[in-house]
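Encoded as structure tokens, the structure appears first; notes follow it.
Chain A is the first sequence line, chain B the second, and so forth, proteins listed ahead of strands; every chain is numbered from 1.
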Amino acid sequence: MQAFRFEALSLPPEAQAMRKKVRAFLQDERSHNRFAAHRSSWSTFDAEFSRRAAAAGFVGMTWPKQYGGGEYSNLERFVVTEEMLAAGAPAGAHWIADRQSGPQILKHGSERARATILPKIAAGECYFGIGMSEPDSGSDLAAVRTKATRVDGGWTINGSKIWTSNAHRVHYLIVLARTSPLDQDRHAGLTQFIVATDSKGIQIRPILNMAGGHEFNEVFFKDVFVPDDMVMGQPGEGWKHVTGELAFERAGPDRFMSDIRLLVSLIDKVGAEPSERQAIAVGRCVAHFSALRRMSASIAGLLERGERPITEAALVKDVGTAFEREIPEMVRSLVPSESSLDDEDEFSQALAHVLLHAPSFTLRGGTPEILRGMIARGLGLR
Amino acid sequence: MSEDFSKIMIEQVGRLFEKQVSKDVLTAADSGEWQEGLWEAVSEAGLPHAMVAEASGGLGLAPADAMSLMRRMGYHALPLPLAETMVANHLWVEAGGSLLDGPTTFAPVTADDRIAIAFNREGATLNGTIGHVPWGGDVRHLVIFARDEKGVGYLAHVERDTVGTNQRRRNVAYEPRDNLQLDRIDVPLNAVLKAPDTLGGDGLLSYVAAIRVQQMVGGMERALDYALTYANERVQFGRPIGKFQAIQHMLAVAAGHFAAASAAADAMGESDIFAGDRFAIAVAKSRCGEAAGHVAAVCHQVHGAMGFTHEHALHFVTRRLWSWRDEGGSESYWQEWIGRNVCAMGGEALWPSITGFR
């Protein structure tokens, strides 16, 4: 059972210094009542917040200065990420660009893509969406049918994407498309493109989620032209890029802290003298949370060393999102509550908000059913 | 001891256990037989005093490395109070005592047992009942935590033979967990030392918890090793059962529990538990205890009826996992401890206290 690497990590002094800095920023935000911590999270889109966070240096932190970055370590970024989540900061506008699109462009993008896009992301003014899922390609990502065809000076894209969060308010999508016909190797012939959402031939239709919110979209591409310098890497490398991206996407604290503010509300609700049952349940959550945080920090350390801990990331996401899903169930078993978004009580609102969003926790970024297959492969079972 | 040397030593000890802790030895230990040959082997390697500073005659193994060693003990289901002896000597020598030779245990190890100490002109007298003492009937020495009438804590060294009443008792792994009656046991003054201030109301309980945490991680690793091997070997419906998604998912979930438990145990290993870091112990004991139950259940399910036989060695670790999760405070004991502390500080203190943890 030595299949997984979760090594010891103690955060360096500069990461601790960064923690103080980001706490001061968030304290200032909250003292000005700029966001409602009890019902916002990393999926809450607030461009004004993203601009302020970027101005304070918390977006694109690890990137080179020539592209607007701060040249900080992954561990300093890790600290900022978890502090944002702990504070319930509405970081949804810049989250995807900062977490995965930016790093992908830095690694695989053309010089023009890097020079024109990264500084805008780092300024908190440019946002991204993920163009992976399609109507017939969800968990089975390699089944994508959106097609890119070679034309003079670039490619034209035809097809559609679905469940594209924020497509209606981001500037770019990174679109995974088939660039050569499907053959024996399903993973070959896929390529990622940086596509501006204001390109000619793009149509975006909203899909409301079950909470009534508009995050999802369906995106249609009809002869959308993408110039050569907006291709990620070499044509055919798409699958490799996508799986590499997932190590960043899956192991972060956003995979177990989506509803951490509900836990905070619960603690205040039960008060300083909880019943035995309440104390046990809260203690259990804290124990799970502490263990997850260490696993996630350990992966941040591996990423910092340039490793690609894809299986470990899948494991953190599986354990982490299961924990997130458990929180609202646990909370409602401890405090009698008929939760409602209309109540003035923050606890009631927080519980209602989480209940209505929790189903997505174990869908976005790869379901447990897919992750467990990857873990089983890591265990030598397939 | 240098870091490299510690690593080599832990590997060597792993090989020693691999060779010495056979199924025959485990079966004999199950019947209550003290494993003297095995004890001699670990003594020759200097392990009983591994956690004592070199200047005081020990090996000077850092607490974090000692924790790794305890994992190996758990992996091999070592049927000896070796971890107890290591910790007892560490506590005793750190408090100012000298090395204790031979198997040693420490007590009380339950949340409720208390021993009273009263001083007189010749020495001191100990009174009280201590339950579930690991190898309480087999050891040569006991290191006892006791309080005087003012509540001041002391460590007392008691020769096992001076304790008369002993009720033999076993946990479900058939490891001795004896009930001892300390009925006016006289000890000389030089066998009583001031206890470290870091010991809380439940005395030495947290040190049993720390030992069991590491043993559980080792035991879970072994159970998963057995289950993965079996899943790849056992053929049904024309293929190894490990090729079936239902089995893969069960084992993936178990691996998740194991990874989270290991992470909590690692954090505890690095924290300064001997300086009183109880939060790390509480997190690790509750997380590992919960994981141990899941991992044991999955590993048995994967093995089918074969894992339920005495013939297969799986039960040597799973019975220990079920025992160890209860000992040194069960999940609910430590969860409640965490929960009360966290709630007392209020919601906004939750995050700062977690970032204080490693």
Side-chain angles (χ1 to χ4, degrees), chain A residues 1-4 6-11 19 79 82-83 86-87 260 263-274 276 278-295 297-298 312 315-316 318-319 322 368-369 371-382, chain B residues 64 220-222 224-225 228 231-232 240 242-243 245 247-253 255-267 269-270 279-280 282-287 290 331-332 334-355 357-358:
Chain A
M1 258 308 292
Q2 301 297 348
F4 304 117
F6 288 104
E7 292 166 19
L9 174 83
S10 40
L11 292 170
R19 188 183 303 288
V79 165
E82 64 174 7
E83 288 292 333
I260 201 64
L263 194 54
V264 170
S265 287
L266 172 75
I267 291 166
D268 287 333
K269 188 79 178 174
V270 301
E273 286 175 16
E276 182 183 319
Q278 289 168 331
I280 286 173
V282 168
R284 176 173 174 270
C285 271
V286 172
H288 276 249
F289 185 20
S290 303
L292 275 163
R293 177 169 178 264
R294 180 177 168 103
M295 293 164 82
S298 160
E312 288 84 352
L315 198 114
V316 171
D318 185 31
V319 178
E369 291 68 32
L371 301 172
R372 285 171 194 171
M374 295 174 62
I375 297 164
R377 183 171 289 120
L379 291 171
L381 292 171
R382 30 194 305 191
Chain B
M220 282 188 266
E221 185 186 337
R222 184 62 170 279
L224 282 164
D225 276 350
L228 290 169
N232 279 325
K243 297 290 171 205
Q245 202 174 44
I247 305 285
Q248 290 178 354
H249 283 202
M250 275 166 56
L251 284 166
V253 171
H257 276 289
F258 171 70
S262 305
D266 287 344
E270 288 157 27
F279 186 71
V283 165
K285 188 64 170 61
S286 43
R287 191 63 190 88
E290 192 177 329
E331 292 92 280
S332 57
W334 288 107
Q335 285 162 353
E336 186 180 351
W337 184 88
I338 300 169
R340 292 211 179 278
N341 278 284
V342 165
C343 290
M345 293 185 293
E348 289 305 331
L350 171 68
W351 178 243
S353 61
I354 282 177
T355 52
F357 182 69
R358 291 173 189 237

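- The candidate with the highest count of non-hydrogen atom pairs below 4.5 Å against chain B, out of Lys269(A), Gln278(A), Glu369(A), Glu273(A), is Glu369(A).
- Listed options Ser262(B), Ala260(B), Ala265(B), Ala231(B) were ranked by heavy-atom pairs under 4.5 angstrom with chain A; first place goes to Ala260(B).
- For Ala281(A), the side-chain contact (heavy atoms from CB on, under 4.5 Å) partners at least two apart in sequence or on another chain are Met330(A), Leu334(A).
- Within the 4.5 angstrom heavy-atom criterion, atoms from both the backbone and the side chain of Leu251(B) approach chain A.
- Note: Glu331(B) CD to Ile280(A) CD1 = 10.5 Å, rounded to the nearest 0.5 Å.
- For His249(B) against Gly373(A), the heavy-atom pair with the smallest separation is NE2-N, 4.0 Å.
- The CZ atom of Arg382(A) sits 7.0 Å away from atom CD of Gln245(B), with the distance rounded to the nearest 0.5 Å.
- The greatest number of non-hydrogen atom pairs below 4.5 Å with chain A, out of Ala259(B), Ala282(B), Ala261(B), Pro240(B), is found for Ala259(B).
- By number of non-hydrogen pairs under 4.5 angstrom with chain A, the leading residue of Ala349(B), Gly339(B), Gly256(B) is Gly339(B).
- One finds the CD1 atom of Ile338(B) at 7.0 Å from the OG atom of Ser290(A) (value rounded to the nearest 0.5 Å).
- Counting all heavy atoms, side chain and backbone alike, Val270(A) lies closest to Cys343(B) at CG2-SG, 3.7 Å.
- Of the listed residues (Met374(A), His288(A), Arg377(A), Met295(A)), the greatest number of heavy-atom pairs within a distance under 4.5 Å of chain B belongs to His288(A).
- Within the 4.5 angstrom heavy-atom criterion, no atom of Leu292(A) approaches chain B.
- Closest approach of Ala263(B) and Arg294(A) over heavy atoms only: O-CD, 3.0 Å.
- Shown here are the side-chain contact (heavy atoms from CB on, under 4.5 Å) partners of Val253(B), two or more places apart in sequence or in another chain: Arg372(A), His257(B).
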Task: Full working for side chain to side chain contact (heavy atoms under 4.5 Å, CB included) between Arg340(B) and Val282(A) - done: CA-CA 8 Å; Arg340(B) 292 211 179 278; Val282(A) 168; over 6 Å; no

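- Nearest heavy atoms, Ala255(B) versus Ile375(A): CB-CG2, 4.4 Å.
- Distance check, rounded to the nearest 0.5 Å: SG of Cys285(A) to CG of Leu350(B) gives 9.5 Å.
- Here Glu290(B) pairs with Arg284(A) in a salt bridge; the nearest charged N to carboxylate O distance falls below 4.0 Å.
- Atom CH2 of Trp351(B) sits about 3.5 Å away from atom CD of Glu82(A), to the nearest 0.5 Å.
- A distance of 5.5 Å separates CG of Asn232(B) from CG of Leu381(A), quoted to the nearest 0.5 Å.
- Chain B forms more heavy-atom pairs under 4.5 Å with one residue of Ala287(A), Ser298(A), Ala279(A) than with any other, namely Ala279(A).
- Closest non-hydrogen pair, Glu83(A) versus Thr355(B), comes out as OE2-CG2, 4.1 Å.
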